[in-house]
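Notes to accompany the following structure.
First listed ligand is number 1; within each ligand, the first listed atom is number 1. Being a predicted model, the structure only gives us computed values, none of them experimental. Heads up: numbering here begins at 1 and tracks the sequence.
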Amino acid sequence: MTAKDSPSQSVLIFHGIGTPGRTLEHGEAQYWLDREQFCAILDRIAAMGADAPLITFDDGNDSDCEIALPELQRRDLRAVFFLLTARLDQPGSLTSRQVRDLAQAGQIIGLHGHAHRDWRRLEAQDRLQEYHLARQQLSDLAGRDVNLAAAPFGFYDRQVIKDLREQGFAAVYTSDWGRAGAGFIRPRNCIDNRMSARAISDALAGHIPLARRPRRLLGLARKRLFPMWGRS
Ligand SMILES: [Zn+2]
């Protein structure tokens, strides 16, 4: 059995915390937690020791720095922040200075692209912007090479994976649920404000919710084996 076949860790996705400072995208509101919900989950993670999940944040909301960072530091936790360069210095999003602050605080900066686009549908010029130029800008701000990516909306297909590998990324994080191993494609478990205590426990452990299992299997097959389907 290879490392790729032996999932070892749950990976969580958080988005915004508190009150959004920008107009939300359609369907996004459920991914915003209030501070109390967020802190309660962090307390549980801090108590999990070696079994603790990896914490990630997507989209680069200003709450990453203003709320999440001090709460992570209070618990001696580290996270990966997947950022969008088109949103930097925009209302409600991180400033360039805050990205530097996150990196200098020992947090990890990752790539979520430039403009929050579906990476399966990029033209060649868009790929340069989404993968290469955005990564360069984030690496400059972080002061170190950014080599982790998270696919916007969890959308990917074989072409996306091939492109990211060719660009030299170490891994791409998705939204496929379950536990992540050392392979290139690493599933994550998305936290939203409608989850029951039981559902949050499942996410912390990387257990795939029963209701998601059939759809997840079909989705993985489609994304990894049959790229044509992914373009429908
Ligand atoms: Zn996103």
Side-chain angles (χ1 to χ4, degrees), residues 10-33 37-38 41 53-69 79-96 98-99 102 107-122 126-127 129-135 137-139 141-142 146-157 159-161 163-164 167 169 171-178 180 185-195 203 212 216 219 223 230:
S10 175
V11 185
L12 302 182
I13 318 176
F14 292 102
H15 291 81
I17 304 148
T19 307
R22 60 176 171 79
T23 305
L24 297 184
E25 293 181 343
H26 180 70
E28 188 188 346
Q30 76 187 74
Y31 300 108
W32 280 71
L33 305 187
Q37 287 176 305
F38 174 68
I41 297 171
L54 174 65
I55 301 166
T56 72
F57 294 84
D58 280 10
D59 300 348
N61 295 296
D62 57 9
S63 57
D64 286 0
C65 200
E66 291 167 9
I67 299 178
L69 177 61
V80 187
F81 294 82
F82 290 104
L83 307 183
L84 294 159
T85 51
R87 289 199 187 162
L88 292 179
D89 303 304
Q90 299 299 309
S93 294
L94 293 172
T95 64
S96 299
Q98 287 175 318
V99 178
L102 285 170
Q107 305 295 322
I108 299 162
I109 303 302
L111 175 80
H112 200 41
H114 178 65
H116 217 216
R117 279 183 285 202
D118 180 347
W119 282 351
R120 298 169 304 177
R121 299 170 194 280
L122 300 176
D126 298 329
R127 289 196 189 105
Q129 179 70 67
E130 289 287 322
Y131 303 146
H132 181 70
L133 298 178
R135 178 190 192 179
Q137 186 178 347
L138 292 174
S139 297
L141 289 172
V146 164
N147 67 355
L148 303 176
F153 319 105
F155 294 156
Y156 67 95
D157 59 15
Q159 186 65 45
V160 169
I161 300 305
D163 290 341
L164 292 171
Q167 294 281 332
F169 283 93
V172 58
Y173 287 84
T174 71
S175 311
D176 289 331
W177 301 90
I185 303 173
R186 300 186 187 171
R188 297 185 294 173
N189 304 283
C190 189
I191 302 294
D192 73 54
N193 60 33
R194 305 180 305 187
M195 289 169 90
R212 290 187 183 274
R216 178 180 182 273
K223 285 185 274 198

Option passing side chain to side chain contact (heavy atoms under 4.5 Å, CB included) with R127 (candidates D163, L133, L164, V160):
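By the side chain to side chain contact (heavy atoms under 4.5 Å, CB included) criterion, R127 pairs with just one of D163, L133, L164, V160: D163.
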How large, to 10°, is the angle at the Zn ion (ligand 1) when you draw lines to NE2 on H112 and to NE2 on H116?
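It comes to 100°.
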Within 2.8 Å of the Zn ion (ligand 1), is there any N, O or S atom belonging to D58?
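Coordinating: no.
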What are the two closest non-hydrogen atoms of N193 and W32, and how far apart are they?
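In terms of heavy atoms, the two residues are closest at ND2-O, 2.8 Å.
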Tell me which N, O or S atom of D59 sits nearest to the Zn ion (ligand 1).
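Relative to the Zn ion (ligand 1), the closest nitrogen, oxygen or sulfur of D59 carries the name OD1.
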Hey, what's the ring geometry for F81 with F57, parallel, tilted or perpendicular (30° and 60° as the breaks)?
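Parallel: the ring planes of F81 and F57 meet at under 30°.
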Over 60° means perpendicular and under 30° means parallel, so classify the ring planes of H15 and Y31, tilted if in between.
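Geometry flag for H15 against Y31: tilted rings.
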